Protein chains: 2
Amino acid sequence: MNSRPIPDATVGRLPIYLRALFDVLGDRGATISSETLARLSGVNAAQLRKDLSYLGTYGTRGVGYDVQYLMVQISRELGLTQDWPVAIIGFGNLGHALLNYKGFAERGFHVVAVFDTLKSKIGEKAGNLLVKHIDELTDVAGSQEIAIAIIATPAPAAQDVADRLVEARITSILNFAPCIINVPPEVSVRKVDLSMELQILSFYEQRTKESPPVNRAIKA
Amino acid sequence: MNSRPIPDATVGRLPIYLRALFDVLGDRGATISSETLARLSGVNAAQLRKDLSYLGTYGTRGVGYDVQYLMVQISRELGLTQDWPVAIIGFGNLGHALLNYKGFAERGFHVVAVFDTLKSKIGEKAGNLLVKHIDELTDVAGSQEIAIAIIATPAPAAQDVADRLVEARITSILNFAPCIINVPPEVSVRKVDLSMELQILSFYEQRTKESPPVNRAIKA
DNA sequence: GACTGTGAATAGTTTCACAGCC
DNA sequence: GGCTGTGAAACTATTCACAGTC
């Protein structure tokens, strides 16, 4: 079965598989079994096979998956065969860290513009870019064909930034500000909330302290 | 129904509710309906009510939830009524951003130690702390009773750091390095992978470009 | 009348287990 | 024999719809 809808849960794991394949990438023509790739990815082998089966029939029974070929297929499915120009809004500590993060370029994400509102930051050097005022967003986004933006501002500014992003016809937003932003339904938002992750850890930490240490595999 | 197991999916949403309540926090005794709180949190009202019902019976029919009281209950459930000393391993860009992130302290997470391996970084100022060599991890973690650590190193160093954390009896790890780390089952790990989030956005972005713009609410 | 709490229904996800192919 | 692909089973999560309470 090859045709459409790939479950959201599967989509969320494809980048993990891709990373694992990248790490294991050896000779041309090397293959990997579902068992091995699953272990490297921290999932169950049956789940890995089912996930991959949504993309197509890329394995060979009795042999496994061709590493290179599988990487190409997953990349294509994720839309990583093209370059994605990305904008970062907010050039504080987090904005700096994101700009310098090597993992983006590896996957075809190129930061092509950095915006802020603070007078003091406008014109500052950001890698080989200059920080622009957010009023230039629509112009720059249009001319550079930016579809993806990263919000790295404080929470109070996030909704205003989101509104501007929507106006600039950006359709995918990664939000690091610790708040919910409202956007029209055709815009995709993903949220990374740093303190949220710690709170979830705190929950399980407390649990294991209360009762005798019991395994806790955490998901989602 | 009050007794135990709170679903993982619910635990993952409690911090969102807490954030929304915090934002709406007004007068003493103010109440909020499941409808309103759900909207602010970006979830369905029935789901919110079911989630809260796992914690106990904290609402009043015909009225809603007392904002302050509900915040206390959620905080208690998440283990946020105590302070959590936290260590950051890796003092690069991301380590800096995390150290300066205000959202942690708000929820009782206090960075009490920062480690690195680079000679040049040891002794450097990190807020009101000094960066220590990772060899001191076990000593410091023991004396400061650190239970939670954040890995903010490059990927190749992450597994070694994780092993040291386990040895230092740290039981909760937030991993920002783009790789899977192996730990014994009694240790909780959560992973934040920045480029993974962009890859998932890329998938949905590509989808909407292929077919006429269709709503895409993304979860997981 | 307004709004919560929750069984029942539905939808989605994971795991099992094995047929089918190399 | 080894390993994939996948129906069926088991489990988990979400949503509906309404009885119960203020």
Side-chain angles (χ1 to χ4, degrees), chain A residues 1-14 16-17 21 24 29-67 69-70 73-74 77 200 215-220, chain B residues 1-14 16-17 20-21 24 29-67 69-70 73-74 77 200 204 215-220:
Chain A
M1 220 268 273
N2 189 350
S3 67
R4 280 299 78 89
I6 300 181
D8 287 346
T10 295
V11 174
R13 283 185 295 263
L14 292 180
I16 301 178
Y17 303 151
L21 287 166
V24 94
T31 62
I32 191 168
S33 70
S34 63
E35 196 67 55
T36 305
L37 182 51
R39 188 167 34 73
L40 295 173
S41 307
V43 305
N44 173 301
Q47 173 156 160
L48 171 74
R49 291 200 300 275
K50 177 141 286 192
D51 282 344
L52 295 183
S53 78
Y54 290 117
L55 311 192
T57 322
Y58 298 138
T60 309
R61 292 170 201 234
V63 178
Y65 301 89
D66 181 285
V67 176
Y69 184 63
L70 189 54
Q73 296 306 328
I74 294 178
E77 198 64 53
I200 296 169
N215 294 6
R216 279 250 115 251
I218 305 178
K219 20 161 273 181
Chain B
M1 218 268 272
N2 189 349
S3 65
R4 282 297 82 87
I6 300 182
D8 287 346
T10 295
V11 174
R13 283 186 294 264
L14 292 179
I16 302 178
Y17 303 150
L21 287 166
V24 93
T31 62
I32 191 168
S33 69
S34 62
E35 196 68 54
T36 306
L37 182 51
R39 188 168 34 72
L40 294 174
S41 306
V43 304
N44 172 302
Q47 168 144 245
L48 172 73
R49 292 201 298 278
K50 177 140 287 190
D51 281 344
L52 295 182
S53 79
Y54 290 119
L55 312 190
T57 324
Y58 298 137
T60 309
R61 288 165 203 239
V63 178
Y65 301 89
D66 180 284
V67 175
Y69 185 63
L70 188 54
Q73 297 306 328
I74 295 177
E77 198 64 54
I200 295 169
Y204 292 107
N215 292 5
R216 280 249 114 250
I218 305 178
K219 23 162 269 182

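Treat the numbers as computed from the prediction; the structure is a model and nothing was measured. A, B, ... follow the sequence lines: proteins, then strands. Residue 1 opens every chain.
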**Prompt:** Considering only heavy atoms from C-beta outward, does the side chain of A:L52 approach that of A:I74 to under 4.5 Å?
**Reply:** yes
**Message:** Check whether A:T10 reaches the backbone of A:I6 with its side chain - one donor and one acceptor, N or O, closer than 3.5 Å.
**Reply:** no
**Request:** State, to 0.1 Å, how close B:L37 and B:S41 come at their nearest heavy-atom pair, and which atoms those are.
**Result:** O-OG, 2.8 Å
**Request:** Round to a whole Å and report the spacing from OH of B:Y69 to P of C:dT4.
**Result:** 16 Å
**Item:** Closest non-hydrogen atom pair between A:A38 and A:L48, with its separation
**Value:** N-CD2, 3.8 Å
**Prompt:** Between atom OH in A:Y58 and atom P in D:dT6, what is the gap in whole Å?
**Reply:** 12 Å
**Prompt:** Between C:dC3 and B:S34, is there an OP1 or OP2 to side-chain N/O distance shorter than 4.0 Å?
**Reply:** no
**Asked** Centres of the A:Y69 and A:Y58 rings: under 6.0 Å?
**Response** yes
**Item:** Proximity to DNA chain C (any heavy atom under 4.0 Å), residues of residues 44-51 of chain A only
**Value:** A:N44, A:A46, A:Q47, A:R49, A:K50
**Item:** Atom-pair distance (CZ on A:R13; C1' on C:dT15), nearest Å
**Value:** 12 Å
**Message:** Expressed as a whole number of angstroms, how long is the span from A:L55:CG to D:dG5:P?
**Reply:** 10 Å
**Asked** How large an angle, rounded to 10°, do the end axes of the helix from C:dG1-D:dC22 to C:dC22-D:dG1 enclose when each is built from five base pairs?
**Response** 0°
**Asked** With side chains defined as the heavy atoms from C-beta onward, is the minimum distance between A:L55 and A:L14 less than 4.5 Å?
**Response** yes
**Item:** First of B:Y65 and A:G62 reached from the 5' end of DNA chain C, by closest nucleotide
**Value:** B:Y65
**Prompt:** Expressed in angstrom and rounded to an integer, what is the separation of B:E35 atom CD from D:dA17 atom P?
**Reply:** 15 Å
**Prompt:** Got a second to check how far B:R39's CZ is from B:I32's CD1, nearest 0.5 Å?
**Reply:** 8.5 Å
**Message:** Expressed as a whole number of angstroms, how long is the span from A:Y54:OH to D:dG7:P?
**Reply:** 10 Å
**Request:** Confirm from the modelled atom types if B:R61 and C:dT4 form a donor-acceptor pair under 3.5 Å, side chain to base only.
**Result:** yes
**Request:** Rounded to the nearest angstrom, tell me the gap between atom CG in B:L52 and atom P in C:dG5.
**Result:** 8 Å
**Message:** Give me the atom names and distance for the closest heavy-atom approach of A:V67 to A:T31.
**Reply:** CG2-C, 4.0 Å
**Fill in**
side-chain contact (heavy atoms from CB on, under 4.5 Å) filter on A:S33, not counting sequence neighbours, yields A:E35, A:T36
**Request:** Measure the distance from CG on B:D8 to C1' on C:dG12 and round it to the nearest whole Å.
**Result:** 16 Å
